[in-house]
K.L.:
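Encoded as structure tokens, here's the structure I'll be asking about.
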Amino acid sequence: MHIAIVGAGALGAVYGVRLALIAKQDVTFVVRSARATQSAALHLEKIDNNEKLTLDSPSYVTSVPENADVIIVTVRQDQIDSNLISFLATTPAPVVVLTPMFPEDMKRLEASLGSRIFPTMPSVVSYEKNGAIRYWLPKSATTAIESERAPASLLDLKKNLEAAGITAQMKKGVLAENVATMVSFMPIAFALDSAGGIDALLGDKELLHLGIDGVKEARELAKKIGQPSSWANLLLKFVGGFTLKAGIAVAKRTSPEAVFYVEEHFGRKLHVQNMNMAQWMMKLAEEHKTPSDTLRALYTRLNQVR
């Protein structure tokens, strides 16, 4: 099948390269004009077993091919905008959105593109380092594709993801699960972004407690939306003053690269996305009548980042 991936960042690269090289599918990356002129290979390095894959000649284009069977979106949440909608409007292919979305994002996409939007929760953890994409495929995570109204091409995509070594399933209620999962742990990301790094956060007692208390508020909000993924519930057990510090200390000893990833992915690199998510969370808390004082305090701290 022909799979168009909108975005060739770390997440899109892992899905695209594995689908192309392992599942033997036709993969095209839809990118900005400047990126399309490049012909650099895409290098993947799987962290847990050092498996390396290289797609020597990625196919880069600036618009979605008309013959694409499926479109996979891997841009940032703040890039779900009119430009993205214009990209997606050129073909009737179903759209698998790996980008984290809030209900309002889904409404905007459906208003313009109809019912061919399928929220999906990714299971790849990835980042770019020294010209290569470093990544994990956590055993506890599964790429979950919304199954309601799903056409046959999405079932084919699921099979091809599994052939590529990425665990996948068709599932109902993916948007609600994805939002509940994001909401659950984002206050810690907001605190990390505001501090500028893990060590700085641990050294700022006021901000650290804002992050921890924000998670408590976020859990109340998540209950109103859906059921967070099991891996998120496991992670949240460690969000407490002592347990968080102890967990980070252990992680620094046993998996320093994971600590680097958390700082890179959830810190200031995604500041604009963090700001958007904080605003959406406060709005959702108001709609669902759950506490939001700590979320508002975290949003204030995010606004102070320069």
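Only this structure's heavy atoms are used, side chains among them; waters, hydrogens and symmetry mates stay out.
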K.L.:
Looking at Ala68 and Ala93, what are the two nearest heavy atoms and their distance?
P.N.:
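Minimum heavy-atom contact is O-CB, 3.4 Å.
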K.L.:
If you compare all heavy atoms of Ile5 against all heavy atoms of Gly16, which two are closest, and at what distance to 0.1 Å?
P.N.:
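Minimum heavy-atom contact is CD1-CA, 3.3 Å.
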K.L.:
Looking only at the side chains, is there a donor atom on one of His2 and Asp69 sitting less than 3.5 Å from an acceptor on the other?
P.N.:
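Judged by distance alone, the side chains do not pair up.
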K.L.:
With heavy-atom distances below 4.5 Å as the criterion, would you say the side chains of Phe87 and Val30 are in contact?
P.N.:
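Yes, side chains in contact.
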K.L.:
When rounded to the nearest 0.5 angstrom, what distance separates CD in Glu51 from CG in Asp48?
P.N.:
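Going from the CD atom of Glu51 to the CG atom of Asp48 covers 9.0 Å.
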K.L.:
Does a donor on one side chain sit under 3.5 Å from an acceptor on the other, for Thr142 and Gln169?
P.N.:
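Absent: no donor and acceptor within the cut-off.
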K.L.:
Quick one: are Met281 and Phe190 in side-chain contact, heavy atoms under 4.5 Å?
P.N.:
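Sidechains of Phe190 and Met281: in contact.
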K.L.:
Would you confirm whether Gln273, through its side chain, and Leu270, through its main-chain N or O, come within 3.5 Å as a donor-acceptor pair?
P.N.:
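It does not hold such a pair.
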K.L.:
Are side-chain heavy atoms of Val6 and Ile72 found at a separation under 4.5 Å?
P.N.:
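The answer is no, as the side chains (C-beta and beyond) never meet within the 4.5 Å cut-off.
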K.L.:
Would you please say whether a donor-acceptor pair under 3.5 Å links the side chains of Asp105 and Gln77?
P.N.:
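There is such a pair between these side chains.
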K.L.:
Nearest heavy-atom pair of Leu298 and Gly214: which atoms, and what distance?
P.N.:
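Where Leu298 meets Gly214 most closely, the heavy atoms are CD1-CA, 4.4 Å.
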K.L.:
Quick check for you: to the nearest 0.5 Å, what is the distance between Glu128 atom CD and Leu42 atom CG?
P.N.:
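Rounded to the nearest 0.5 Å, the CD-CG separation comes to 9.0 Å.
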K.L.:
Any donor-acceptor pair under 3.5 Å linking the side-chain atoms of Gln279 with those of Tyr299?
P.N.:
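Indeed, the side chains of Tyr299 and Gln279 share at least one donor-acceptor pair under 3.5 Å.
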K.L.:
Rounded at 0.5 Å granularity, tell me how far CE in Met1 sits from CG in Leu19.
P.N.:
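The CE atom of Met1 sits 9.0 Å away from the CG atom of Leu19.
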K.L.:
Taking the side chain from Arg134 and the backbone from Tyr127, do they hold a donor-acceptor pair closer than 3.5 Å?
P.N.:
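It does not hold such a pair.
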K.L.:
What pairs of residues pass the salt bridge (charged side-chain N to carboxylate O under 4.0 Å, His left out) test when at least one of them lies in residues 291-302, not counting sequence neighbours?
P.N.:
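Every salt bridge (charged side-chain N to carboxylate O under 4.0 Å, His left out) pair that includes a residue of residues 291-302, provided the two are not neighbours, is Asp204-Arg301.
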K.L.:
Would you please test Asp78 and Asn276 for side chain to side chain donor-acceptor pair (under 3.5 Å) and show each step?
P.N.:
CA-CA 7 Å; Asp78 56 289; Asn276 284 352; 5.0 Å; no
K.L.:
Would you say Ser123 and Thr167 make side-chain contact, with heavy atoms under 4.5 Å?
P.N.:
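Of all side-chain heavy-atom pairs linking Thr167 with Ser123, none is under 4.5 Å.
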K.L.:
Contact between Val95 and Val73 at the side-chain level, heavy atoms closer than 4.5 Å - yes or no?
P.N.:
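With C-beta onward as the side chain, the pair touches.
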K.L.:
Within a strict 4.5 Å, meaning less than it, do heavy atoms of the Ile3 and Asp26 side chains meet?
P.N.:
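No, side chains not in contact.
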K.L.:
Does Thr290 form a side chain to side chain donor-acceptor pair (under 3.5 Å) with Glu220? I'd like the steps, not just the answer.
P.N.:
CA-CA 7 Å; Thr290 60; Glu220 292 302 310; over 6 Å; no
K.L.:
At their closest point, which heavy atom of Leu109 faces which heavy atom of Val97, and how far apart are they?
P.N.:
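So the minimum-distance heavy-atom pair works out to CD1-CG2, 4.4 Å.
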K.L.:
Taking 4.0 angstrom as the limit, do Lys283 and Glu286 come out as a salt bridge?
P.N.:
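No, this pair does not count.
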K.L.:
When you measure from the side chain of Asp156 to the backbone of Lys159, do you find a donor-acceptor pair of N or O atoms at a distance under 3.5 Å?
P.N.:
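No, Asp156 side chain to Lys159 backbone: no donor-acceptor pair under 3.5 Å.
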K.L.:
Going by atom types only, do Tyr60 and Thr28 share a side-chain donor-acceptor pair under 3.5 Å?
P.N.:
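No, because no side-chain N or O of Tyr60 sits under 3.5 Å from a partner of the opposite role on Thr28.
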K.L.:
Tell me, do Leu175 and Glu146 make a side-chain contact under 4.5 Å, heavy atoms counted?
P.N.:
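No. Closest side-chain heavy atoms not under 4.5 Å.
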K.L.:
For Ala191 and Gly211, which heavy atoms make the closest approach, and how far apart are they?
P.N.:
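Closest heavy-atom pair between Ala191 and Gly211: CB-CA, 4.0 Å.
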K.L.:
Compare every heavy atom of Val17 with every heavy atom of Leu53, then report the nearest pair and how far apart it is.
P.N.:
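For Leu53 and Val17, the tightest heavy-atom pair comes out as CB-CG1, 4.2 Å.
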K.L.:
Apply salt bridge (charged side-chain N to carboxylate O under 4.0 Å, His left out) to residues Lys171 and Glu177 and explain how you reach the verdict.
P.N.:
CA-CA 10 Å; Lys171 188 176 184 179; Glu177 180 180 346; 2.8 Å; yes
K.L.:
Return the CG to OH distance between Leu98 and Tyr15, rounded to the nearest 0.5 Å.
P.N.:
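One finds 5.0 Å between CG of Leu98 and OH of Tyr15.
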K.L.:
Are Asn274 and Met186 close enough that some pair of their side-chain heavy atoms sits under 4.5 Å apart?
P.N.:
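Yes. Closest side-chain heavy atoms under 4.5 Å.
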K.L.:
Got a second to check how far Leu210's CG is from Lys205's NZ, nearest 0.5 Å?
P.N.:
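It is 14.5 Å, given to the nearest 0.5 Å.
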K.L.:
Salt bridge or not for Glu162 and Lys158, using N-O below 4.0 Å?
P.N.:
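Salt bridge: yes.
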K.L.:
Can you tell whether the side chains of Lys172 and Glu148 come within less than 4.0 Å, N to carboxylate O?
P.N.:
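Salt bridge between Lys172 and Glu148, a charged N being under 4.0 Å from a carboxylate O: no.
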K.L.:
Enter the distance from Asn83:CG to Ile80:CD1 here, rounded to the nearest 0.5 Å.
P.N.:
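Those atoms lie 13.0 Å apart.
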K.L.:
Is a salt bridge present between Glu287 and Lys224, judged by a nitrogen-to-oxygen distance below 4.0 Å?
P.N.:
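Between Lys224 and Glu287 there is no salt bridge, as every charged N stays at least 4.0 Å from the carboxylate O atoms.
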K.L.:
Does Asn130, at its CG atom, have more than 12 non-hydrogen atoms belonging to other residues, nucleotides or ligands within less than 6.0 Å?
P.N.:
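12 or below, so no.
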